[in-house]
Asker: 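Mind having a look at this structure? Questions to follow.
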Amino acid sequence: MTGRIEDYALIGDLQTAALTRRDGTIDWLCLPRLDSEAMFAGLLGTPDNGYWHIGPSACGADPSPAADRRSYRGDSLIMESEWDTPTGMLRVTDFMPPRTVADDTPRLVRIAEAVTGTVTVKAALSLRFDYGRVVPWVHKTANNRTRAVAGPDAVWLDTEAETHGESLTTRSHLTLAEGERTTFTVSWQPSYKGAPDKLDIDQALEDTEKFWADWVSRCTYHGPYRSAVIRSLITLKALTNQQTGGIAAAATTSLPEEIGGVRNWDYRYVWIRDAAKILSSLMRAGYLDEARAWRKWLLRAVAGDPENLQIMYGIAGEREMPETTLDWLVGYEESTPVRIGNGAASQRQLDVYGEVIGTLHLAAQFGLERDETSDTLLIKLVQSVETHWREPDAGIWEVRGPNQHFVHSKVMAWVAVDRAVKLVEDGHADGPVEQWQQLRDTIHQDVCTNGYDAERNTFTQYYGSQELDAALLLIPQVGFLPTDDKRVIGTIEAIQRELSTPDGFVLRYPTAGNGVGVDGLPGDEGDFLVCAFWLATDLAMIGRADDARALYERLLALSNDVGLLAEEWDAKLKRQLGNFPQGFSHLGVVEVALELALGDQRASRLALAGAAR
């Protein structure tokens, strides 16, 4: 039985991540990478598809009741869950040590300890490779380690606890007195390699805590809502691959946008758009190393073929992500199909050019050194924009219906050229600046002529459409028009009227319910959280700071007990929906806080200037 999406907490080692729910069950983990095959896939199926449970036995429930308390240890990804039992308090600490050159073995560590009294602990490890389909061969080795192997995968369990096999599951049952503990470590290796070294648990825990403390100390943001901002930054860092620099959109696949629906997608890849926006947040919060690593990732991924820039790539820059379904998994709450891979990788989405060049421009503003290869890439990308910007595309939301002349895509084509011009003007790149200036003006005029409905005083979803799109909220944020332009104000107000939900959040665009809408799909979806964060940012930018702050605080209240957000919110069911945790949602947390802080600074300067007069 899976938990609600918001029942989960994230732990990770900067190359993969696991989800652990309130009752002490981990039922999602892919090894060795975030986009590898899952060895715990119970999240999308049943316990038969793999899980790892540790919790109190004395409470009588199976597997265990929800923990009475849980929290991250400080500003880290070390999760601590506590149960109050009739005989004492149990604490389970879960973490994944960041991998190093000296020890690149992926490991998941769980520590069970009796904090007070005496506690009886039960543990059940059910390993299933290939997304829950393959049962491994499990045996004890000569040195009392447990090895599970199937095909290319091998997992080693190290624990002081006595274990036994039962129903294709490795189980333990032990009693701990106050101050006693036992540890469990799962390590992954390719099956053709020998056993990994045993881990020094205490040293690994200390090193993991220090890693996160050092990383968080680099944050330059010290304004309001800092705790929420820090948790979101840590989550974004957890989605960033330490080796490759690629930034995944989310840690999961196929968590539904509608319970029982078909909008179930694999988000464990690097969307150019998502990664670029996440980098913007990281850089504005003081993290330039991540931008440097991502630029290297980008140059490797695009290689010598920028005219065929994809909208997404694999974690290491892989181009092929064939979409297929896993029919042996029943889906999260029977939401099928369960998909791996993503067919949208082959779509044309013009906005990615603006995202890439905009990020390169921002990085240059923050002091990232000039790079000759990225100069060449810049010219090639602008040439592609010049060739293709008049064509229809699939848009930011990756519609699976007909391509359209989406307004947001055209705006971001303008951003691509505008930022290229600025890079040249500021001495960060070379290029035909006068030609690009003319192209920039042409795109701007085309959007204002064909993408704007003068009667309703709003930009529209695509040329000739009457519909709205929450992505239009980005028009002032990217500088396409000033914040006091009547067309900007009118668009914000139209989206508030027509795309806002009864609880004050925002839909991406109108869906068709039982029919098929512009996205080519049946069914509906929840409130798309990043859209509401965009609205809060716009409200702050146009001087409605109180409204922005009120909306922002309502959004923060949707976070689960450890500060995490999925992709969407279901206002009827009052629960989170979609892949989890979602990078887009967490960059929204950061961006609104930064904008509110800027607004406070502007207000303070104006107040001081007025007092001086």
Asker: Can Arg263 and Glu258 be counted as an ion pair, charged N to O under 4.0 angstrom?
Answerer: no
Asker: Have Asp327 and Thr325 got a donor and an acceptor in their side chains that come within less than 3.5 Å?
Answerer: no
Asker: Counting only N and O atoms by type, is there a donor-acceptor contact under 3.5 Å from the side chain of Ser232 to the main-chain atoms of Val229?
Answerer: no
Asker: Would you mind checking if Arg284 and Glu591 are paired as a salt bridge, meaning a charged N to carboxylate O distance below 4.0 Å?
Answerer: yes
Asker: Does one side chain, of Thr182 or Glu160, offer a donor that lies under 3.5 Å from an acceptor on the other?
Answerer: yes
Asker: Indicate yes or no: at least one non-hydrogen side-chain atom of Arg110 is less than 4.5 angstrom from one of Phe95.
Answerer: no
Asker: Only counting residues at least two apart or in another chain, list the ones meeting side chain to side chain donor-acceptor pair (under 3.5 Å) with Arg181.
Answerer: Asp202
Asker: Charged N to carboxylate O below 4.0 Å: is that the case for Glu333 and Arg4?
Answerer: no
Asker: Taking the side chain as everything from C-beta on, heavy atoms only, tell me whether Val186 gets closer than 4.5 Å to Leu125.
Answerer: yes
Asker: Does this structure show an ion pair linking Arg339 with Asp266, if we count only N-O contacts that are shorter than 4.0 Å?
Answerer: no
Asker: Given 3.5 Å as the limit, does a donor-acceptor pair link the side chain of Arg145 with the main chain of Asp158, or not?
Answerer: no
Asker: Of all the heavy-atom pairs spanning Leu176 and Ala112, show the shortest one and how long it is.
Answerer: CD1-O, 3.5 Å
Asker: Among residues at least two apart in sequence or on other chains, which ones pass side chain to side chain donor-acceptor pair (under 3.5 Å) with Thr208?
Answerer: none
Asker: Is Glu290 paired with Arg218 through a side-chain N to carboxylate O contact shorter than 4.0 Å?
Answerer: yes
Asker: For Glu553, I'd like to know if atom CD has over 12 heavy atoms of other residues, nucleotides or ligands within 6.0 Å.
Answerer: yes
Asker: Answer with yes or no whether the side chains of Thr501 and Asp527 bring together a donor and an acceptor at under 3.5 Å.
Answerer: yes
Asker: Taking the basic N atoms (NZ, or NE/NH1/NH2) and the acidic carboxylate oxygens, is any pair closer than 4.0 Å for Lys210 and Asp207?
Answerer: no
Asker: With distance as the sole criterion, is a donor-acceptor pair present between the side chains of Trp265 and Asn579 under 3.5 Å?
Answerer: no
Asker: Please enumerate all residues that pass side chain to side chain donor-acceptor pair (under 3.5 Å) together with Thr20, with sequence neighbours excluded.
Answerer: none
Asker: Side chains of Met39 and Val155: does their closest heavy-atom pair fall under 4.5 Å?
Answerer: yes
Asker: Hey, is Asp7 close enough to Arg22 for a salt bridge, meaning N to O under 4.0 Å?
Answerer: yes
Asker: Does Ile247 offer a backbone N or O that forms a donor-acceptor pair with the side chain of Trp294 under 3.5 Å?
Answerer: no
Asker: Hey, does Trp297 have a side-chain heavy atom less than 4.5 Å from the side chain of Val270?
Answerer: yes
Asker: Donor-acceptor check, side chain of Thr185 to backbone of Val109, threshold 3.5 angstrom: yes or no?
Answerer: no
Asker: Output, in order, the C-alpha distance, side-chain angles, deciding distance and verdict of ring-ring contact (aromatic ring centres under 6.0 Å, His included) for Phe505 and Phe528.
Answerer: CA-CA 8 Å; Phe505 302 131; Phe528 206 75; over 10 Å; no
Asker: Stepwise, does the side chain to side chain donor-acceptor pair (under 3.5 Å) test hold for Arg99 with Gln242?
Answerer: CA-CA 9 Å; Arg99 299 178 220 175; Gln242 189 177 40; over 6 Å; no
Asker: Is there a side-chain contact between Leu555 and Leu529, using heavy atoms and a 4.5 Å cut-off?
Answerer: yes
Asker: Just by distance, with hydrogens left out, do Thr163 and Lys140 show a side-chain donor and acceptor under 3.5 Å apart?
Answerer: yes
Asker: Can you find a side-chain donor-acceptor pair between Arg33 and Thr16 that sits under 3.5 Å?
Answerer: no
Asker: Report yes or no: does Thr240 contribute a side-chain atom to a donor-acceptor pair with the main-chain N or O of Leu236 at less than 3.5 Å?
Answerer: yes
Asker: Is there a donor-acceptor contact under 3.5 Å linking the side chains of Thr116 and Glu178?
Answerer: no
Asker: Please check if the side chain of Ser335 supplies one atom and the backbone of Gly331 the other of a donor-acceptor pair under 3.5 Å.
Answerer: no
Asker: Just checking Tyr225 against Tyr552, ring centres under 6.0 Å apart?
Answerer: yes
Asker: Please determine whether a side-chain nitrogen of the Lys or Arg among Arg575 and Asp570 lies less than 4.0 Å from a carboxylate oxygen of the Asp or Glu.
Answerer: no
Asker: Main chain of Pro190, side chain of Lys193: is a donor-acceptor contact present, judged purely on distance under 3.5 Å?
Answerer: no
Asker: What do you reckon, is CD of Glu334 surrounded by more than 12 foreign heavy atoms closer than 6.0 Å?
Answerer: no
Asker: Tell me whether Asp103 is salt-bridged to Arg107, with the criterion being a basic N under 4.0 Å from an acidic carboxylate O.
Answerer: yes
Asker: Enumerate the ring-ring contact (aromatic ring centres under 6.0 Å, His included) contacts for residues 138-163, please, sequence neighbours excluded, ordered by first and then second residue.
Answerer: Trp137-His139
Asker: Who passes side chain to side chain donor-acceptor pair (under 3.5 Å) against Asn143, sequence neighbours left out?
Answerer: Thr141
Asker: Per the side chain to side chain contact (heavy atoms under 4.5 Å, CB included) rule, which among Asp27, Thr252, Thr253 passes with Leu44?
Answerer: Thr253
Asker: Hey, are Glu80 and Arg70 close enough for a salt bridge, meaning a charged N less than 4.0 Å from a carboxylate O?
Answerer: no
Asker: Are any of the side-chain heavy atoms of Ile78 and Thr93 separated by less than 4.5 Å?
Answerer: yes
Asker: Can you list the residues that meet the ring-ring contact (aromatic ring centres under 6.0 Å, His included) rule with Trp215, with sequence neighbours excluded?
Answerer: Tyr287
Asker: Using a strict 4.0 Å threshold on nitrogen-to-oxygen distance, state whether Glu37 and Arg128 make a salt bridge.
Answerer: no
Asker: Taking atom types as modelled, is there a side-chain donor on Asp75 or Tyr72 under 3.5 Å from an acceptor on the other?
Answerer: no
